[in-house]
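Okay, so here's the structure we're looking at.
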Amino acid sequence: MNHLLGHIGLRSTPSDYCCRSLASVLGLNVSFPGNTTYLATQESYWSLQEASLSPTCIVIPKTAQDISEAISIVSSIESCRFAIKGHSHAPAAGFANINDGVAIDMTRLSSVAVNSDHTVASVGAGASWLDVYQYLDSLGLAIAGGRNGAVGVAGLTLGGGISYFAPRVGWACDNAVNFELVLASGEIVDANATCHPELFRALKGGGNNFGIVTRIDFAAFPQGQILGGNVVNDISYRGAVFEAFAEIATAPEYDIYASLVTGLVFSTATKEWSLSTTAIYTKPVSNPPVYQNLRKIPRTADTLNITNLSTLANETAPPLLNWAFFTGTYGVSATLLSRIFDSLNTTIYNFIIPGGISWSVAFEPLPTVITQHGDQNGGNSLGTSPKDGNTFVMLLTGIWSNTSSDALVEKTAQKMVEDINGIARSMGLLNDFQYINYADPSQDPIGSYGQLNVKRLRDVSKMYDPKGVFQLQVPGGFKLWSH
Ligand SMILES: Cc1cc2nc3c(=O)[nH]c(=O)nc-3n(C[C@H](O)[C@H](O)[C@H](O)COP(=O)(O)OP(=O)(O)OC[C@H]3O[C@@H](n4cnc5c(N)ncnc54)[C@H](O)[C@@H]3O)c2cc1C
């Protein structure tokens with residue numbers, strides 16, 4: 001133990017005291033700058049903004065009990081601030097890392113198991129989706145989760161979670177049947193449709209506001225191979241691609257096996273746009289009718305092939321760069337997609353920063369076949385409903401290297417989204433919903449869930465965390481008490 005305490009030296013800030021207290025109980029589960037485990041966690045952050053923060057110590061628990069002990073300590077020291085880290089794909093600074101505080105790295109809680117009749121998969125909250133799919137593929141099973149395997153299970157699910165299976169089973173969170181979590185008091189509880197049902201609903205969309213989730217049990221279903229890959233078109237065909245997207249996303253009988261993302265990427269280095277659609281069919285059908293119009297458009301590549309989920313999810317990680325995510329939700333219209341492209345192009349084309357920047361925009365259908373699952377298993381907090389009709393979620397992303405340009409990128413992206421919202425509003429297609437997992441800190445996704453959901457979330461927070469440990473001591477993420 002002494003070698004751990006030695007790292008504290010003679011400095012004594014509140015976070016030093018907090019780390020010293022944690023180390024005295026959790027021993028080697030607490031690491032300090034210079035330790036290899038500390039470095040490994042720091043190197044695992046997805047964005048440069050997050051990797052640039054330096055926690056005073058990092059707790060790497062192995063069990064829910066370890067977390068319970070850690071929370072009992074940190075919640076008893078009011079000045080102790082902490083961050084909860086899964087697989088760190090939320091890019092904004094401070095969402096899962098912290099300066100002058102404690103980072104709790106959940107990634108050792110990564111077990112995956114299924115019950116005897118293969119209807120429920122129990123997943124450690126620190127698992128990645130690749131951990132899950134590799135295990136479940138071998139059993140001919142799946143659960144609704146992230147499309148990129150490197151993303152974390154808890155982070156994605158606590159925000160909703162868009163999966164390839166969404167048109168069949170709803171948001172990923174709609175498929176959670178139980179959350180095990182550690183409350184601010186240190187108590188370990190299960191939240192499900194019959195036990196702590198308000199907390200259960202709050203967790204489905206409420207982010208890191210209620211506790212540290214240690215395990216999620218998901219409804220599992222039989223799943224074989226699927227069709228997946230990209231259809232790439234020259235940017236000059238965007239109008240036809242937007243038409244094909246809109247046709248699929250508004251079909252009166254939406255094909256629930258179809259899941260697609262149409263994405264455009266602009267590089268300031270080449271001043272060129274590229275256009276591709278990730279088209280998935282969650283059945284082993286090589287040429288499903290739903291994609292036939294899309295595939296009739298002249299293509300520069302078409303990689304659709306029959307594969308499995310873990311192969312598709314196993315994407316190569318990009319280099320460490322600054323990332324900004326912004327989001328909006330809109331009624332589906334090919335004309336709107338074209339106008340979004342034109343609006344972005346106007347700003348982006350002449351936006352220059354040292355080292356360059358790459359922008360991308362992705363369009364993801366949110367049809368009523370997805371939102372109709374919002375009431376299942378005790379309901380969710382997202383406020384998305386079939387009443388809103390067939391919408392799509394936009395993810396606008398900026399990726400750049402030069403940190404001194406962060407504020408300028410942020411301001412520019414904000415303006416781009418305001419412009420897009422203005423266009424959508426003028427066409428009667430602006431929807432209030434902001435998907436929390438794609439939202440920038442300047443946006444208000446929790447407010448977008450609607451008054452009733454916000455009130456319920458606040459009430460649950462006051463009931464389970466009356467001192468506001470997850471509001472005041474966990475500064476990262478979208479908070480409730482400010483609403
Ligand atoms: C490359 C990439 C691909 C993506 N693909 C998808 C996709 O297919 N579908 C989709 O819906 N979203 C997707 N996202 C968005 C993703 O859902 C969010 O970024 C999500 O928050 C990431 O979770 P994480 O554990 O990886 O991240 P982290 O940054 O570690 O965590 C995100 C938030 O969740 C909190 N949190 C994490 N674990 C816990 C826990 N155990 N208990 C309490 N709070 C916790 C953290 O405090 C943090 O605020 C993608 C993002 C990226 C960068």
Side-chain angles (χ1 to χ4, degrees), residues 41 44-47 49-51 53 61 64 67 71 82-98 103-110 123-131 133 144-166 170-173 179-184 191 202-203 205-216 259 261 263 278 280 309 312-313 315-318 321 323-325 327 360 362 364 366 370 382 393 395 397 399 435-441 445 469-470 473-479:
T41 294
S44 69
Y45 282 94
W46 167 264
S47 74
Q49 293 103 316
E50 284 280 69
L53 304 179
I67 297 165
I71 292 300
F82 62 104
I84 310 155
K85 173 194 175 291
H87 282 265
S88 64
H89 276 63
F95 272 40
N97 205 359
I98 192 160
I104 302 181
D105 180 347
M106 295 294 295
T107 53
R108 274 195 200 152
L109 274 83
S110 60
V123 184
S128 70
W129 288 105
L130 191 60
D131 294 330
Y133 300 145
R147 293 158 296 191
N148 181 316
V151 171
V153 167
L156 179 133
T157 308
L158 291 169
I162 304 176
S163 84
Y164 293 137
F165 301 108
W171 292 95
C173 68
F179 291 88
E180 180 193 78
L181 73 157
V182 178
L183 299 173
L203 289 163
N208 66 7
N209 281 297
F210 304 100
I212 300 193
V213 174
T214 48
R215 195 191 75 232
I216 308 178
S259 172
V261 180
T278 302
I280 306 295
L309 203 51
L312 260 182
E315 295 182 25
T316 312
L321 290 163
W323 288 68
F325 276 0
T327 191
S360 74
E364 310 187 14
L366 184 61
I370 296 181
L382 300 168
V393 170
L395 170 60
T397 308
I399 310 170
Y435 179 32
I436 194 167
N437 283 343
Y438 291 171
D440 181 76
V469 170
F470 289 93
Q473 291 182 237
V474 180
F478 295 96
K479 300 285 108 177

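First listed ligand is number 1; within each ligand, the first listed atom is number 1.
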For the side chain of Glu180 and the backbone of Ile216, is there at least one donor-acceptor N/O pair under 3.5 Å apart? no

Only heavy atoms count here, so choose which of Lys85, Arg147, Glu315, His87 is nearest to atom 7 (C) of ligand 1. Arg147

Quick check on contacts: which atoms of ligand 1 are under 4.0 angstrom from a heavy atom of Gly161? 11 (O)

Side chain Asn97, main chain Ala103, donor-acceptor under 3.5 Å: no

Where is the nearest protein heavy atom to atom 15 (C) of ligand 1: which residue, which atom, and how far? Asn437 O, 3.8 Å

Shortest non-hydrogen separation from Leu382 to Cys173 and the atoms involved: CD1-SG, 4.2 Å

Using modelled atom types and a 3.5 Å cut-off, is there a donor and acceptor pairing between side-chain atoms of Ser128 and backbone atoms of His87? no

For the student: nearest non-hydrogen atoms of Trp46 and His89, plus distance: CE3-NE2, 3.1 Å

Geometric N/O contact Gly477 with ligand 1, under 3.5 angstrom: no

Region of Phe325 that comes within reach of ligand 1 [heavy atoms, distance under 4.0 Å]: side chain

Tell me the contacting part of Leu158 for ligand 1: side chain, backbone, both, or neither, using a 4.0 Å heavy-atom threshold, strictly below. side chain

All heavy atoms of Leu181 vs all of Val213, minimum pair found to be CB-CA, 3.8 Å

Mark up the atoms of ligand 1 that fall under 4.0 Å of a heavy atom belonging to Tyr435, in ascending order. 10 (C), 11 (O), 12 (N)

Among all protein heavy atoms, pick the one closest to atom 14 (N) of ligand 1 and tell me residue, atom and distance. Tyr438 CE2, 4.0 Å

Could you work out, for atom 41 (N) of ligand 1, the closest of Val213, Thr397, Ile162 by heavy-atom distance? Val213

Do you know the tightest heavy-atom contact between Ala172 and Leu156? CB-CD2, 3.8 Å

Which is closest to atom 43 (C) of ligand 1 by heavy-atom distance: Ala90, Ala154, Gly211, Ala362? Gly211

Should one rank Ser163, Ala127, Gly155 by closest heavy-atom distance to atom 20 (C) of ligand 1, which comes out on top? Gly155

For atom 50 (C) of ligand 1, find the nearest protein heavy atom and state the residue, atom name and distance (0.1 Å precision). Val151 CG2, 3.8 Å

Per-atom filter on ligand 1: closer than 4.0 angstrom to a heavy atom of Ile212 are 42 (N)

Nearest heavy atom to atom 35 (C) of ligand 1, choosing from Asn208, Thr107, Thr214, Leu109, belongs to Asn208

Suppose I only count heavy atoms of Trp46 and a 4.0 Å limit; which atoms of ligand 1 are within that range? 1 (C), 53 (C)

Closest approach of Ile436 and Gly205, non-hydrogen atoms and distance? CD1-O, 3.9 Å

Donor-acceptor pair, side chain of Tyr133 and main chain of Gly146, under 3.5 angstrom: yes

Work out whether the distance between some heavy atom of Ser88 and some atom of ligand 1 is less than 4.0 Å. yes

Quick one: nearest non-hydrogen protein atom to atom 12 (N) of ligand 1, plus distance? Leu156 CD1, 3.5 Å

Within the structure, does Ile84 bring an N/O atom to less than 3.5 angstrom of an N/O atom in ligand 1? yes

closest protein heavy atom to atom 26 (O) of ligand 1 is Gly152 N, 2.9 Å

Under 3.5 Å: N/O of Ala125 near N/O of ligand 1: no

Polar atom proximity, Glu50 to ligand 1 (N or O, under 3.5 Å): no

Where is the nearest protein heavy atom to atom 49 (O) of ligand 1: which residue, which atom, and how far? Phe95 O, 3.1 Å

May I ask you to check whether Tyr435 and Trp171 place their ring centres under 6.0 Å from each other? yes

Kindly say whether Glu315 contributes a backbone atom to a donor-acceptor pair with the side chain of Asn148 at under 3.5 angstrom? no

Any nitrogen or oxygen of Val153, main chain or side chain, under 3.5 Å from a nitrogen or oxygen of ligand 1? no

One finds that the ligand 1 atoms under 4.0 Å from a non-hydrogen atom of Asn148 are 1 (C), 3 (C)

Any heavy atom of Trp323 sitting closer than 4.0 Å to ligand 1? no

Between Arg147 and Ile162, what is the shortest heavy-atom contact and its length? NE-O, 3.6 Å

Is Gln49 reaching over with its side chain to a backbone N or O of Trp323, donor-acceptor style, under 3.5 angstrom? yes

I need the nearest protein heavy-atom contact for atom 19 (O) of ligand 1: residue, atom name and distance, please. His89 O, 3.1 Å

Backbone N or O of Thr107 within a donor-acceptor pair of the Lys85 side chain at under 3.5 Å? no

Please confirm whether the backbone N or O of Pro91 pairs with a side-chain atom of Ser47, one donor and one acceptor, at under 3.5 Å? yes

